[in-house]
Amino acid sequence: MRHLSVTLDAVMVTVVDDTPRVLLVDRDDPPSLPSGLLDPDRDETLTLGLSRLVAEPTGVAVSYVEQLYTFGDRNRSNEPSSRDLAIGYVALTDDATTIPGSTWVDLYALFPWEDHRGGTPPSLHDLIEPALEAWASHDAERIARERITFGLGTPWDPIRVLERYEMLFEAGLVTEASESQAPETGVALAGDHRRIAATALGRLRGKLTYRPVIFEVMPEHFTLTELQTAVEAIVGIELHKQNFRRIVERGELVESTGDTTTATGGRPAALYRFRPGVIAERPRPGFPLPRPRTVSYTH
């Protein structure tokens, strides 16, 4: 009979300047997400347990928490007599400090093909697309999946993060479990933690379209340029400045503080803050994503 253990695993995300960052713990090689065993006596709720497991090794306070999924494949444990379940969470904070043993890492170092802010990433053109061509070969079903998932000849969908990761894993382009012996693309994490992070990024991108969760990673006061930069950092695409500001203004997502800042180095920029009343006024107060351009397709 197998022993069952339950861990709580956190994908802790913040934005620093124009870079989305994920919190990693250096106790493993490769590193891991903040994670630990649920204490059934000490943790009154799963969310409180997660907050404890993040704060103890990293010193970071959680502001927003959302449960993602339960991960429980048999190969999660190296012990034949054990079955390990992980309850994954995405958590947001505006606190990018850490204590020794933890560090904030560029989220796109894990998924370099997901950052399209400067156009199609080189990793997609130079490595992923040719490798997926060879993997798909003349298989019609694989070719169709490749086209839709990676936007090859069709629009790129920022939300399909997990689908892209799973296809790369299937094609042998990313490693995950310890027994995998595939070429590496991006930074590896312990066990299936990169799969959990991919699930979180896709969820977060989708969430931004109908909930103002971006303000969880913003300071109390900010400029509209800083707000746009943070949204672009998470969704991985560039947004039209005037269209973005129209969305913010028409949605009444923010309100002016009446103050300005010269920290941007140019003309004084108006400072804003999140307007919490919008949550009660509108059912989907988010940032609709534009339809980005397609990338090349060579089949």
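Quantities reported herein were computed from a predicted structural model and do not represent experimental measurements.
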same_hphob_cluster(Val22, Leu162) at 4.5 Å side-chain heavy-atom cutoff: no

Under 3.5 Å donor-acceptor, Arg21 side chain and Ala96 backbone: no

Side chain Ser137, main chain Ala134, donor-acceptor under 3.5 Å: no

Within 6.0 Å of OH in Tyr64, more than 12 heavy atoms from elsewhere: yes

hydrophobic_cluster_shared for Met167 and Leu110, side chain cutoff 4.5 Å: yes

Output field: ring centroids Phe215/Phe222 closer than 6.0 Å: yes

Ala233 versus Pro20, closest heavy-atom pair with distance: O-CG, 3.3 Å

Six-ring centre of Tyr165, Arg195 cation under 6.0 angstrom, axis tolerance 45°: no

Donor-acceptor pair between Thr225 and Arg245 side chains, under 3.5 angstrom: yes

Test salt bridge (Lys or Arg N to Asp or Glu O under 4.0 Å) applied to Lys207 and Glu66, step by step: CA-CA 10 Å; Lys207 197 82 172 183; Glu66 179 178 339; 3.3 Å; yes

SB check Glu170 Arg145 (cutoff 4.0 Å): yes

Linked, directly or transitively: Val213 and Ile279 (ILVMFWY side chains, under 4.5 Å): yes

Any side-chain donor near an acceptor of the partner, Tyr108 and Glu114, under 3.5 Å: no

Steps toward side chain to side chain donor-acceptor pair (under 3.5 Å) verdict (Asp95, Thr97): CA-CA 6 Å; Asp95 178 13; Thr97 61; 2.6 Å; yes

Modelled atom types, side-chain donor and acceptor of Asp17 and Thr19, under 3.5 Å: no

Residues, nucleotides or ligands: over 12 heavy atoms within 6.0 Å of Glu281 CD: yes

Test of ring centre spacing under 6.0 Å for Tyr210 and Phe287: no

Polar side-chain atom of Arg282 near backbone of Gly251 as donor-acceptor pair, under 3.5 Å: yes

